[in-house]
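Keep in mind it's a predicted model, so treat the numbers as computed, not measured. Ligands are counted one by one from 1 in listed order, and the atoms in each one are counted from 1 as well.
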Amino acid sequence: MGKALLTIQDTSGAMTQGLISPRLILGSASPRRRDLLSQIGVIPDDIRPPDIDETPAKAEQPRPYCIRMAHEKALAVEADECDVVLSADTTVALGRRILGKPADAAEAGAFLRALSGRRHSVITAVAVRRGARVWQRDVLTKVRMKRLDDAELAAYLATGDWQGKAGGYGIQGPAGALIPWISGSFTAVVGLPLAETAVLLRAAGWRAQV
Ligand SMILES: Cc1cn([C@H]2C[C@H](O)[C@@H](COP(=O)(O)OP(=O)(O)OP(=O)(O)O)O2)c(=O)[nH]c1=O
């Protein structure tokens with residue numbers, strides 16, 4: 001697929017043809033995803049946050065849920081036929097339980113108490129769409145959170161860093177001090193697995209940066 005042939009007609013009626021790279025639309029409101037992309041030299045031409053219903057279906061398992069969310073986000077973003085749209089979803093899973101973005105500090109506290117002293121999974125699914133074609137990958141990372149005492153929990157909640165983050169924490173911020181071990185992809189936990197994302201962008205014809 002790669003580059004598209006662009007034909008421009010000027011005011012005299014003359015036609016000019018040239019090859020253009022597709023535009024990249026980041027279908028995400030997450031500043032983390034924008035920052036992660038810039039780490040590999042990918043600067044989106046536009047950012048269009050998707051507006052979808054993120055309620056899990058009844059008895060839906062975390063991984064299928066996460067994959068479905070990324071797919072629906074990519075489809076929800078308006079784009080031209082040759083634009084490349086990139087969307088993702090990060091889901092924190094404690095067993096079969098899906099921990100989304102906490103509504104308030106009380107819910108963040110409840111999530112963190114549930115995660116305290118245990119291993120959980122962070123799943124990030126990425127969807128890249130061009131026209132009707134969608135390329136997807138998902139990455140599962142195991143994360144262990146240390147056992148939190150009341151003072152540590154209160155101190156973390158007071159930072160406000162839990163806001164807008166699945167599971168009520170951000171490993172890249174102060175919560176990094178609460179996470180002694182991960183197995184998997186750090187960038188996936190933060191919101192976008194960069195190695196897998198680079199593969200998907202190349203598959204969709206986006207020019208490789210690295
Ligand atoms: C677990 C974890 C999540 N997160 C963030 C990444 C995501 O932004 C967010 C999970 O919510 P998402 O629904 O995946 O993303 P979003 O609502 O922020 O943005 P959009 O749907 O528009 O793409 O949690 C971290 O920043 N650090 C972490 O350690």
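- Asp80 places no side-chain N or O within 3.5 Å of a backbone atom of Asp83 that could act as its donor or acceptor partner.
- When the heavy-atom distances from atom 11 (O) of ligand 1 to Arg34, Lys101, Glu72 are ranked, the shortest goes to Lys101.
- With ligand atoms numbered from 1 in the order given, ligand 1 contributes 22 (O) to contacts under 4.0 Å with heavy atoms of Pro50.
- Counting atoms of ligand 1 from 1 in the listed order, those under 4.0 Å from a heavy atom of Ile171 are 27 (N), 28 (C), 29 (O).
- Distance from atom 9 (C) of ligand 1 to its nearest protein heavy atom, with residue and atom name: Gly164 O, 3.6 Å.
- A side-chain donor-acceptor contact under 3.5 Å links Thr90 and Thr124.
- For Gly167, the heavy-atom gap to ligand 1 stays at 4.0 angstrom or more.
- Contact between Arg63 and Asp138 at its shortest, heavy atoms only, is NE-OD2, 2.5 Å.
- Looking at ligand 1, you won't find any N or O of Gly170 less than 3.5 Å from one of its N or O atoms.
- Assignment of Pro49 to the shell around ligand 1 is not supported, since no heavy atom sits closer than 4.0 Å.
- Using a 4.0 Å cut-off between charged nitrogen and carboxylate oxygen, Glu54 and Lys101 count as a salt-bridge pair.
- At least one donor-acceptor pair under 3.5 Å links the side chain of Asp53 to the backbone N or O of Thr55.
- Considering backbone and side-chain atoms alike, Ala29 places an N or O below 3.5 Å from some N or O of ligand 1.
- Using modelled atom types and a 3.5 Å distance limit, the side chains of Ser28 and Lys73 yield no donor-acceptor pair.
- Considering CD1 of Ile171 and CG of Leu178, their distance stands at 10.0 Å, rounded to 0.5 Å.
- Taking each of Lys73, Arg48, Met69, Lys165 in turn, the one with a heavy atom nearest to atom 12 (P) of ligand 1 proves to be Lys73.
- Figure legend: Arg23 and Trp206 shown without cation-pi pairing, the cationic atom not lying both under 6.0 angstrom from the six-membered ring centre and within 45 degrees of its axis.
- Protein heavy atom in closest approach to atom 26 (O) of ligand 1: Gln172 NE2, 2.8 Å.
- Checked for salt-bridge contact, Arg68 and Glu60 meet the test: a charged N lies under 4.0 Å from a carboxylate O.
- Of the listed options Val189, Leu192, Val143, Val189 places a heavy atom closest to atom 28 (C) of ligand 1.
- Residue Ala175 does not touch ligand 1, judged by heavy-atom distances below 4.0 Å.
- A side-chain donor from one of Tyr156 and Asp161 sits under 3.5 Å from a side-chain acceptor of the other.
- In terms of protein heavy atoms, atom 15 (O) of ligand 1 is closest to Arg33 NH1, 3.0 Å.
- Within the listing of ligand 1, atoms 8 (O), 18 (O), 19 (O) sit less than 4.0 angstrom from a heavy atom of Ser30.
- Applying the 4.0 Å criterion to heavy atoms of Ser28 picks out, from ligand 1, the atoms 19 (O), 20 (P), 22 (O), 23 (O).
- Ligand-side atoms of ligand 1 in range of Val190: 4 (N), 6 (C), 25 (C), 26 (O), 27 (N), range being under 4.0 angstrom from any heavy atom.
- Under the 6.0 Å cut-off for aromatic ring centres, His120 and Tyr169 qualify, their centroids lying closer than that.
- Taking every non-hydrogen atom of Ala166 and a distance limit under 4.0 Å, the qualifying atoms of ligand 1 come out as 1 (C), 3 (C), 9 (C), 10 (C), 24 (O).
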